[in-house]
Amino acid sequence: MLILQTERDALLKPLQTATGIVERKHTLPILANVLLESKGGKVHILATDLEIQIHTQGADSEQGDFQLTTNAKKLQDILRALPENATVQLDLDEHKLTLKAGKSRFNLQTLPPADFPTMNISETTHTQFSLPQETLKHMINQVQYSMAVQDIRYYLNGLLLQVEGNQLRLVATDGHRLAYASTTIEAELAKQDVILPRKTVLELVKLLNQPKEAIQIELLDNQVRFQCGDTTIVSKVIDGKFPDYNRVIPLDNDKIFVINRATLLGALERSAILANEKFRGVRLQLAPGSLKITCSNSEQEEASEELEIAYAGESLEVGFNIQFLMDVLRSANSDDIQIAFGDANRSTLITLPNNAEFKYIVMPMRI
């Protein structure tokens, strides 16, 4: 029985939006599937791993209502492999879904849609606000690289989203470095914190592809909902207490200079070629008028670069994980950056000149 006839992209694009969260291996086989449903003349697509759920809609449906689940990755791969202007036809016969395009034909297994599990979404909205997608995407890109990966302190494996008054703040830390970004929103809100899981943050960045359009954010009971055009993401939040980021921001570092971001990044990337592969250490030597960068490895190979800077203060030598420095320089959207050193054992503060909305704190390491 014919259930849908549409252009390839009208089905593929919304499917790609939803299927990023689908796990290939799961204890529940049906969670490898995506729920396709036609109602009100539109095809609705739902995917979930029970921690995060994405609902979107795409193709117009003129063949009447239907409901089915089939393997998300296989359906996506088939559609992606078809010619761009292909017309796709879906037929459903008992437990078999047949996809036809020209002379191509694919038979896919289905599982009962009644068995497809969905998240219970809270009906209580504590906080609601919106902002341009490009603003949120820029903020996430400024901090996401500082999230921990599979840390035993589970609350670090995500991103702090904090609202207070007319401020939205995003903070990420892995215990060795911390990135902070803030912006002003058109709202006046009571203070509230939620920790977004890493997977949610990565999916959210993919969704933010209409820069001038707004994204609506709702903080629910132990959940957060993002509404973006025809797509809704609902995610559980991490239950835990995020560290007080204000306590780790050094306020009295007095060895301060401004340097061109691209120049410093280039010097670090070249030096990193000869950095120790395990420890990734870099030694920075600050002196009046210069910043020297040195990397060496266990094979007695060494790289060194010297950059001219406008600095007239005391000399200092301090070691860092070179990757932590390159991460912030690659994500900073600025020609220049400001670096404020304390001493060899104190955290360093990296900011953007004349911009209080971004801060990056990195701990030194012994080399």
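Below, all heavy atoms of this structure are taken into account, side chains as well, without hydrogens, waters or symmetry copies.
- E23 CD: more than 12 foreign heavy atoms inside a 6.0 Å radius.
- The two residues Y155 and I195 make their nearest non-hydrogen contact at O-CG2, 3.7 Å.
- The minimum heavy-atom distance between P243 and T173, with the atom names listed, is CG-CG2, 4.4 Å.
- L274 and I367 fall into different hydrophobic clusters, defined by Ile, Leu, Val, Met, Phe, Trp and Tyr side-chain heavy atoms under 4.5 Å apart, directly or through other members.
- Salt bridge annotation for D93-K96: absent, with no cationic side-chain nitrogen under 4.0 angstrom from a carboxylate oxygen.
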Test side-chain contact (heavy atoms from CB on, under 4.5 Å) applied to I217 and L136, step by step: CA-CA 11 Å; I217 302 174; L136 183 60; 4.1 Å; yes

Please step through side-chain contact (heavy atoms from CB on, under 4.5 Å) for the pair L220 and T124, ending with a clear verdict. CA-CA 6 Å; L220 316 173; T124 305; over 6 Å; no

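- Both L4 and V34 are part of a single hydrophobic cluster, where members link through side-chain heavy atoms under 4.5 Å apart.
- Side-chain atoms of Q142 and S331 include no donor-acceptor pair closer than 3.5 Å.
- A heavy-atom distance below 4.5 Å is found between the side chains of K42 and D60.
- Residues F226 and E218 form no side-chain contact, since every pair of their non-hydrogen atoms from C-beta on lies 4.5 Å or further apart.
- In this structure the side chain of F242 never reaches within 4.5 angstrom of the side chain of D193, judged on heavy atoms.
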Can you check side-chain contact (heavy atoms from CB on, under 4.5 Å) on Q285 and T294, steps first, answer last? CA-CA 8 Å; Q285 290 170 283; T294 310; 3.8 Å; yes

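- Of the possible polar contacts, none joining the Q338 side chain to the T351 backbone as a donor-acceptor pair under 3.5 Å is found.
- When side chains are defined from C-beta on, T87 does not count as touching R8, because their heavy atoms never get closer than 4.5 Å.
- Residues A18 and I54 share a closest heavy-atom pair of CA-CG2, 3.9 Å.
- The number of heavy-atom neighbours closer than 6.0 Å to CG of N120, taken from other residues, nucleotides and ligands shown, is 12 or below.
- Checking side-chain atoms of D9 against main-chain N and O of L12 turns up no donor-acceptor pair under 3.5 Å.
- A donor-acceptor pair is defined here as one N or O able to donate and one able to accept, closer than 3.5 Å; no such pair exists between the side chain of N276 and the backbone of R280.
- In this structure, OH on Y154 lies 6.0 Å from CG on D239, to the nearest 0.5 angstrom.
- Partner of N71 under the side chain to side chain contact (heavy atoms under 4.5 Å, CB included) criterion, chosen from N33, I30, T19, V22: N33.
- Here the rule is side chain to side chain contact (heavy atoms under 4.5 Å, CB included) with F106, and of L97, T98, I78 only I78 fits it.
- For the 3.5 Å distance criterion, the side chains of N321 and H176 fail to qualify, holding no donor opposite an acceptor.
- Checked by atom type and distance alone, the side chain of S296 never pairs as donor or acceptor with a backbone atom of Q300 at under 3.5 Å.
- Closest approach of L31 and P117 over heavy atoms only: CD2-CG, 3.6 Å.
- Rounding to the nearest 0.5 angstrom, the gap separating the CD atom in E62 from the OG atom in S38 is 10.0 Å.
- Crowding of H126 atom NE2: a count of heavy atoms from other residues, nucleotides or ligands under 6.0 Å exceeding 12.
- Formation of a donor-acceptor pair under 3.5 Å by the D327 side chain with backbone atoms of R330 is not found in this model.
- The CD atom of Q63 sits 9.0 Å away from atom CD1 of I3, with the distance rounded to the nearest 0.5 Å.
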Could you go step by step and tell me if I256 and I339 meet the side-chain contact (heavy atoms from CB on, under 4.5 Å) rule? CA-CA 6 Å; I256 300 169; I339 302 179; over 6 Å; no

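- In this structure, I361 CD1 and S347 OG are separated by 7.5 Å, a value rounded to the nearest 0.5 Å.
- T17 places a side-chain N or O within donor-acceptor distance of the main-chain N or O of K13, the cut-off being under 3.5 Å.
- Using a 4.5 Å cut-off between side-chain heavy atoms of Ile, Leu, Val, Met, Phe, Trp and Tyr, with links allowed through other members, L204 and V163 fall into the same hydrophobic cluster.
- Shortest non-hydrogen contact noted between D254 and G342 is OD1-O, 4.5 Å.
- The closest side-chain heavy-atom distance from L178 to S146 is not below 4.5 Å.
- By the criterion of side-chain heavy atoms lying less than 4.5 angstrom apart, applied directly or through intervening Ile, Leu, Val, Met, Phe, Trp or Tyr residues, I293 is not grouped with M365; the two fall into different hydrophobic clusters.
- Taken from NZ in K206 to CD1 in I21, the straight-line distance is 9.5 Å, to the nearest 0.5 Å.
- L170 and L349 fall into different hydrophobic clusters, where Ile, Leu, Val, Met, Phe, Trp and Tyr residues are linked whenever their side-chain heavy atoms come under 4.5 Å apart, directly or through other members.
- Environment of CG in N107: crowded, with over 12 heavy atoms of neighbouring residues, nucleotides or ligands closer than 6.0 Å.
- E357 has its side chain out of reach of M139: every pair of non-hydrogen atoms, C-beta onward, lies at least 4.5 Å apart.
- Looking at I215, V205, L207 one by one, the single match for side chain to side chain contact (heavy atoms under 4.5 Å, CB included) with K137 turns out to be V205.
- In this structure the side chain of Q223 reaches within 4.5 angstrom of the side chain of I121, judged on heavy atoms.
- Heavy atoms only, all atoms of each residue included: K359 and I249 are closest at CD-CD1, 3.8 Å.
- Using cut-offs of 30° and 60° on the angle between ring planes, the pair Y360 and Y145 is tilted.
- Salt-bridge formation is detected for the pair D343/R346: a Lys NZ or Arg NE/NH1/NH2 atom is positioned less than 4.0 Å from an Asp or Glu carboxylate oxygen.
- A distance of 10.5 Å separates OH in Y180 from CG in L160, rounded to the nearest 0.5 Å.
- For the pair N253 (side chain) and A340 (backbone), a donor-acceptor distance under 3.5 Å is present.
- The number of heavy-atom neighbours closer than 6.0 Å to CG of D244, taken from other residues, nucleotides and ligands shown, is above 12.
- A salt bridge is defined here as a Lys NZ or Arg NE, NH1 or NH2 lying under 4.0 Å from an Asp or Glu carboxylate O, and D336 with R261 fails to meet this definition.
- Few gaps surround NZ on K199; more than 12 heavy atoms of other groups in view lie less than 6.0 Å from it.
- With Q133 contributing its side chain and K212 its backbone, the two residues share no donor-acceptor pair below 3.5 Å.
- A distance-only check finds no donor-acceptor pair linking the side chain of T135 to the backbone of L131 [under 3.5 Å].
- Formation of a donor-acceptor pair under 3.5 Å by the N157 side chain with backbone atoms of Q150 is found in this model.
- Annotation for N222: atom CG does not count as buried by contact number, only 12 or fewer foreign heavy atoms lying within 6.0 Å.
- The environment of CE in M363 is sparse: at most 12 heavy-atom neighbours from other residues, nucleotides or ligands sit within 6.0 Å.
- Between E305 and K292, every side-chain heavy-atom pair lies at or beyond the 4.5 Å cut-off.
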